[in-house]
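Per chain, numbering begins at 1; letters A, B, ... match sequence-line order.
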There are 2 protein chains.
Amino acid sequence: MSEPRWLDADQQRDWRAFVDGSVRLTELLDRDLKTKHGLSVSEYEILVRLSEAPERRLRMAELAEHASQSRSRLSHTCSRLESKGLVFRGGCPNDKRGVYAHLTDEGFDALDRAARDHVETVRDFFIDIIDPSDLAAIGRAFTAVNKRIGEAG
Amino acid sequence: MSEPRWLDADQQRDWRAFVDGSVRLTELLDRDLKTKHGLSVSEYEILVRLSEAPERRLRMAELAEHASQSRSRLSHTCSRLESKGLVFRGGCPNDKRGVYAHLTDEGFDALDRAARDHVETVRDFFIDIIDPSDLAAIGRAFTAVNKRIGEAG
DNA sequence: GAACACCTGTTGAAGATTCAACTAATTCTG
DNA sequence: CAGAATTAGTTGAATCTTCAACAGGTGTTC
């Protein structure tokens with residue numbers, strides 16, 4: 001077995017900055033949303049995607065895809081959101097296997113309140129402290145990552 | 001309450017690319033390490049930090065800091081790593097409250113094997129598909145994020 | 001040096017996520 | 001159209017993480 005192509009010093013530094021930073025940032029956003037609005041980031045993400053969908057509803061599989069979650073996880077999380085009254089699930093006329101997750105009015109309001117705080121925190125710890133051209137680079141890079149993962153998966 | 005400063009279209013696009021990309025990438029790396037070597041990313045991270053420390057050992061609190069984990073989580077994870085024989089914990093002479101986590105030889109070998117595969121995957125889905133100047137931008141940006149979080153926390 | 005606040009690390013229970021197994025509906029194939 | 005293969009979504013158990021409470025050690029203050 002041949003020697004792998006280890007990262008050089010710069011690559012290693014940049015990769016680690018990203019790993020650390022993204023873990024810490026996610027954790028911070030999560031705690032922020034949780035203490036102020038009782039929502040985890042992944043619950044928030046679900047509400048966002050539903051709010052943007054036509055008629056504020058989405059098939060479970062689509063929602064899972066949009067929110068980067070497994071179907072099983074989405075099922076569990078939706079049950080919780082449903083018991084909080086932020087979401088409800090109803091059948092699908094065309095495909096009797098299918099289930100639509102709908103955002104309730106209450107869910108929309110909760111999202112609206114949360115988003116107002118969330119965007120400030122995202123600015124405070126990310127957007128506003130990054131050079132705009134570096135942000136554009138991040139956009140390009142992670143778009144490429146998503147594309148690559150899509151091809152492989 | 002005043003209207004928040006929402007993100008503009010570009011910022012939103014870039015931010016979402018990052019959120020999606022980092023979630024998917026982390027998940028992919030996790031599954032990769034888990035199937036090939038039975039290690040989660042956070043276990044791997046712990047082994048890496050220990051391997052780089054003088055005498056391959058670190059106080060629990062330091063290790064938690066380096067690996068971006070809570071102390072409680074580290075305690076639990078170390079118990080698991082210990083029962084796999086990759087780590088062991090021993091007391092600290094100076095401070096009788098303290099505990100050193102040590103990397104065992106077996107742990108070092110397991111890390112070595114895992115790292116060889118891991119670096120290839122990191123290259124395949126991140127380093128090698130990103131323009132080097134964009135990678136540098138990521139390094140700058142997340143260094144700033146870490147600094148910002150450090151100041152606030 | 002006694003009383004106090006603070007720090008270190010662990011624990012167990014509650015909560016969330018993963019994994020494999022499952023039901024039921026649709027689609028494909030001959 | 002029967003039967004096999006896929007797909008949608010859920011479920012419960014195992015695993016992992018978070019949270020609050022705790023035991024014990026350090027250090028500071030008067």
Side-chain angles (χ1 to χ4, degrees), chain A residues 23-24 26-35 37-47 50 57-84 86-102 153, chain B residues 23-24 26-46 50 57-84 86-102 153:
Chain A
V23 167
R24 292 188 146 97
T26 305
E27 199 172 87
L28 185 147
L29 294 173
D30 205 58
R31 189 141 26 208
D32 188 60
L33 270 175
K34 226 173 268 175
T35 59
H37 300 279
L39 290 172
S40 68
V41 164
S42 60
E43 289 172 332
Y44 178 83
E45 207 65 25
I46 288 171
L47 300 185
L50 286 177
R57 61 171 200 176
L58 235 30
R59 287 285 295 270
M60 294 298 279
E62 279 179 295
L63 183 51
E65 176 60 24
H66 288 171
S68 309
Q69 295 187 11
S70 72
R71 292 189 188 185
S72 170
R73 178 176 172 184
L74 179 63
S75 248
H76 287 296
T77 307
C78 263
S79 300
R80 266 175 265 136
L81 289 173
E82 208 165 13
S83 73
K84 291 189 199 175
L86 308 183
V87 159
F88 77 90
R89 280 178 284 195
C92 171
N94 308 346
D95 185 342
K96 282 177 188 166
R97 294 168 304 181
V99 170
Y100 273 107
H102 304 252
Chain B
V23 167
R24 292 188 146 98
T26 305
E27 198 173 87
L28 185 147
L29 294 174
D30 205 59
R31 190 144 23 211
D32 188 61
L33 270 175
K34 225 173 270 176
T35 59
K36 292 184 188 155
H37 301 279
L39 290 171
S40 68
V41 164
S42 60
E43 289 172 332
Y44 178 83
E45 207 64 25
I46 288 171
L50 286 178
R57 63 173 197 174
L58 234 29
R59 286 285 295 271
M60 294 299 279
E62 279 180 295
L63 182 51
E65 175 61 24
H66 289 172
S68 309
Q69 295 188 10
S70 72
R71 292 187 189 184
S72 170
R73 179 175 171 184
L74 179 63
S75 248
H76 287 295
T77 307
C78 264
S79 300
R80 269 174 261 135
L81 289 172
E82 208 166 11
S83 72
K84 291 188 198 174
L86 307 183
V87 160
F88 77 89
R89 281 179 284 194
C92 171
N94 308 347
D95 185 342
K96 283 176 188 168
R97 296 167 303 181
V99 170
Y100 274 106
H102 304 252

Query raised in the report: Roughly, in whole Å, what's the span from CD in E82(B) to P in dT11(C)?
Result: 10 Å

Report summary line: Taken to the nearest whole Å, CD1/I46(B) to C1'/dC16(D) is 12 Å

Query raised in the report: Out of dG25(D), dA20(C), dG9(C), which nucleotide sits closest to the side chain of S72(A)?
Result: dA20(C)

Query raised in the report: Expressed in angstrom and rounded to an integer, what is the separation of L74(A) atom CG from dA8(D) atom P?
Result: 13 Å

Requested in this report: Could you check which of dT26(C), dC19(D), dG12(D) has an atom nearest any side-chain atom of R31(A)?
Outcome: dC19(D)

Query raised in the report: If you measure from OG on S79(A) to NZ on K84(A), what distance do you get to the nearest 0.5 Å?
Result: 12.0 Å

**Report entry** Quiz item: H76(B) side-chain donor-acceptor pair to dG12(C) base, under 3.5 Å
**Finding:** yes

Query raised in the report: So, is R71(A) near the phosphate of dA8(D), with a side-chain N or O under 4.0 Å from OP1 or OP2?
Result: yes

Query raised in the report: Can you tell me if the side-chain N/O atoms of R80(B) get under 4.0 Å from OP1 or OP2 in dC16(D)?
Result: yes

Query raised in the report: The side chain of K96(B) lies closest to which of these nucleotides: dT10(D), dT11(C), dG25(D)?
Result: dG25(D)

Query raised in the report: Roughly how far, to the nearest 0.5 Å, is the CZ atom of R59(B) from the CD atom of E65(B)?
Result: 14.0 Å

Query raised in the report: Distance from L86(B) atom CG to E43(B) atom CD, nearest 0.5 Å?
Result: 8.0 Å

**Report entry** Distance (rounded to the nearest 0.5 Å) between I46(A) CD1 and L63(A) CG
**Finding:** 5.5 Å

Report task. Name the nucleic acid region contacted by S42(B), choosing base, sugar-phosphate or nothing; use a 4.0 angstrom heavy-atom cut-off, strictly under. Result -> sugar-phosphate

Report task. Let me know the distance between CE of M60(A) and C1' of dT23(C), rounded to the nearest Å. Result -> 16 Å

**Report entry** Separation of dT7(D) P from N94(A) CG (nearest whole Å)
**Finding:** 19 Å

**Report entry** From R57(B) atom CZ to R89(B) atom CZ, the distance as rounded to the nearest 0.5 Å
**Finding:** 16.0 Å

Report summary line: Ranking dT17(C), dG9(C), dT18(D) by distance to the side chain of T77(A), first place goes to dT17(C)

Report task. Over all heavy atoms of both residues, which pair between T35(B) and D32(B) is shortest? Give the atoms and the distance, please. Result -> OG1-O, 3.3 Å

Report summary line: Assign each of K34(B) and V99(A) the nucleotide of DNA chain D bearing its closest heavy atom; nearer the 5' end lies the nucleotide of V99(A)

Query - Closest nucleotide among dT10(D), dT10(C), dG12(C) to the S75(A) side chain - result: dT10(D)

Query raised in the report: When the distance from CG of D95(A) to C1' of dT23(C) is rounded to whole Å, what number comes out?
Result: 14 Å

Query raised in the report: Quick one: L81(B) CG to dT17(D) P, roughly how many Å, whole number?
Result: 10 Å

Query raised in the report: 5'-most contact on DNA chain C: E43(A) or G98(B), nearest heavy atom basis?
Result: G98(B)

Report summary line: Which of dG25(D), dT7(D), dG9(D) is nearest the side chain of R97(B)? It is dG25(D)

Query raised in the report: Taking atom C1' of dA25(C) as reference, at what distance in whole Å does atom CZ of R59(A) sit?
Result: 11 Å

Query raised in the report: Does dT15(D) have OP1 or OP2 sitting under 4.0 Å from an N or O in the side chain of R73(A)?
Result: no

